[in-house]
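Reviewing the structure listed below.
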Amino acid sequence: MGKSNRALSAASKAKKDEFYTQLVDIENELSHYKEHFRGKVIFCNCDDPYESNFFKYFAINFNHFGLKKLICTCYAGSPIIYTQLSLFGDMDKDISKEKSKRKPYKIEITHVDDLNGDGAIDLTDIELLLQSVDGKPEILQGDGDFRSPECIELLKQADIVVTNPPFSLFREYVAQLIEYDKKFIIIGNQNAITYKEIFTLLRDNKVWLGYKFGDMAFTVPDSYEPRETRFWIDENGQKWRSMGNICWYTNIDIQKRHEDLILYRNYSENDYQKYDNYNAINVDKVSEIPFDYAGVMGVPITFMDKYNPDQFQIVGLIAGNIKGLAGITSSTGKDGPYIGGKLKFGRILIRKRG
């Protein structure tokens, strides 16, 4: 990989992007997509197979889902490789370290058999598979970054990409998935909704939110410094961080996005103020969207968790640092939503269909 990409990798590492997803959170979200996995090539391109719960989830369920192939890759700069979160214990950590010499590698699985003969597929079978010729890790020539030529070639093979990508590279990561026309289910920050590149995809119904929207806890490397809030160390010495603004992004159709939001509030001029600089009314809570207003409404970004494209149209986005996404013209030249001269939080502009 060239200097620029190596620099980006270093920047990503410096931004503390190593958040490792709990298996229970993966199970809870992906249970809604099982029908989409059959016969597909799944690519986890930000996941050390010896550490990742995404790999663990798909490897154990390989036969149950009827997968065609599972591919996992990791990048060389990850501070957690071979140090924590081993799927199979210290013995296997030593094996993986010896095989890769701390270099990035990939693992491709095309079948999972009952290798221990107990009649079920479990972690023991996956451990035996990884120690066999069929599951042997293959060292990558580059650094394993998702933008490297090797990983892009693997991406081209994939049907669905599932992972927790680096938050600091989220725009670039999603742009790559769109460029190569890939289906995906990925974790991101809710703040990404207001990124110009991401919002445009949401507005145009090319991407939408998955099921989980809110708090999630992640394990983090030992090198991460303690924080006053949303940080703890468990009884095993493992460091944890939690965030209250996490969600899943996908472009796979799910039942949730076709469920109507029940509206019960009547519109009145007294209850709903208009913005100083946009011809739209302000709605402070998603639950307060009026059912009998046909014009444009400004709603919190949490609306995206309830968005049904059959019920609403997204018109635009207004926020203090966002330009060119309003969809309607500001009468004062100011970008953010103002009421009585005071700047409000950013709002998504919507109108009811029908």
Side-chain angles (χ1 to χ4, degrees), residues 9-32 44-61 72-94 96-97 102 104 122-123 126-127 144 146 161-170 173 185-193 209-250 301-302 305:
S9 292
S12 172
K13 179 179 176 181
K15 289 179 182 290
K16 301 294 186 182
D17 276 329
E18 298 289 325
F19 291 86
Y20 287 81
T21 314
Q22 295 183 82
L23 182 59
V24 64
D25 290 325
I26 295 171
E27 291 174 331
N28 288 341
E29 181 69 25
L30 297 189
S31 64
H32 299 284
C44 304
N45 60 350
C46 298
D47 300 84
D48 178 357
Y50 286 90
E51 316 288 351
S52 167
N53 280 323
F54 284 97
F55 174 79
K56 179 179 181 179
Y57 177 78
F58 281 113
I60 292 176
N61 290 288
C72 282
T73 58
C74 65
Y75 75 97
S78 173
I80 203 168
I81 292 178
Y82 322 122
T83 60
Q84 301 178 40
L85 301 179
S86 172
L87 297 180
F88 315 118
D90 291 338
M91 177 183 68
D92 299 287
K93 244 191 293 190
D94 293 340
S96 66
K97 184 174 181 179
R102 299 188 67 85
D122 53 26
L123 278 181
I126 306 305
E127 174 187 349
F146 68 86
V161 178
V162 187
T163 192
N164 179 2
F167 290 167
S168 69
L169 298 175
F170 195 76
Y173 187 84
I185 311 165
I186 59 176
I187 294 176
N189 194 297
Q190 292 171 21
N191 293 335
I193 292 171
L209 301 191
Y211 283 83
K212 176 64 178 181
F213 190 89
D215 278 285
M216 280 182 66
F218 304 88
T219 53
V220 296
D222 190 55
S223 60
Y224 277 38
E225 297 179 359
R227 295 165 54 99
E228 291 185 4
T229 60
R230 292 187 172 273
F231 173 88
W232 65 96
I233 301 176
D234 65 25
E235 64 276 10
N236 298 316
Q238 173 64 61
K239 289 184 176 181
W240 291 80
R241 284 275 308 276
S242 70
M243 288 181 277
N245 58 349
I246 297 299
C247 59
W248 293 75
Y249 294 83
T250 186
I301 65 170
T302 53
D305 184 43

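Heavy atoms only: backbone and side chains are in, while hydrogens, waters and symmetry mates are out. Everything numeric in this text was worked out from a predicted model, so none of it was measured.
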- Query: Can you check side chain to side chain contact (heavy atoms under 4.5 Å, CB included) on F58 and L30, steps first, answer last?
  - Reply: CA-CA 10 Å; F58 281 113; L30 297 189; 3.6 Å; yes
- Go through H32 and W248 one step at a time and tell me if the side chain to side chain contact (heavy atoms under 4.5 Å, CB included) criterion holds. CA-CA 12 Å; H32 299 284; W248 293 75; over 6 Å; no
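Note: C72 SG to K56 NZ = 13.5 Å, rounded to the nearest 0.5 Å. Annotation: the span from M243 atom CE to D215 atom CG amounts to 10.0 Å, rounded to 0.5 Å. Once rounded to the nearest 0.5 Å, the distance linking OH of Y20 with CD of Q238 reads 10.5 Å. Taking CD1 of I60 as the start and CD of E27 as the end, the distance is 8.0 Å to the nearest 0.5 Å. The distance from atom CZ of F231 to atom OG of S242, rounded to the nearest 0.5 Å, is 11.0 Å. Distance check, rounded to the nearest 0.5 Å: CG of N189 to OH of Y249 gives 6.5 Å.
Taking the six-membered ring where tryptophan is involved, the planes of F19 and F218 are perpendicular, since the angle between them exceeds 60° and thus also 30°.
Every residue two or more places apart in sequence or in another chain that forms a salt bridge (Lys or Arg N to Asp or Glu O under 4.0 Å) with D305 is listed here: K256. Q22 is linked by a side chain to side chain contact (heavy atoms under 4.5 Å, CB included) to V24, D25, A217, W240, counting only residues two or more places apart in sequence or in another chain. Judged as a side chain to side chain donor-acceptor pair (under 3.5 Å), and not counting sequence neighbours, the contacts of D47 are S52, T163.
Closest heavy-atom contact between C247 and F213: CB-CD1, 3.7 Å. The two residues P226 and K239 have their closest heavy-atom pair at CD-NZ, 4.5 Å. The two residues S31 and Y57 have their closest heavy-atom pair at N-OH, 4.1 Å. The nearest pair of heavy atoms linking F54 to C44 is CB-SG, 4.1 Å. The heavy-atom pair separating F167 from G188 by the smallest distance is CE2-CA, 4.0 Å. The nearest pair of heavy atoms linking P104 to C74 is CB-O, 3.2 Å.
Between V161 and Y173 there is a side-chain heavy-atom pair separated by less than 4.5 Å. Here the side chains of D234 and T219 are not in contact, with every heavy-atom distance at 4.5 Å or above.
The side chain to side chain contact (heavy atoms under 4.5 Å, CB included) test with N164 is passed by exactly one of I187, N53, I246, I26: I187.
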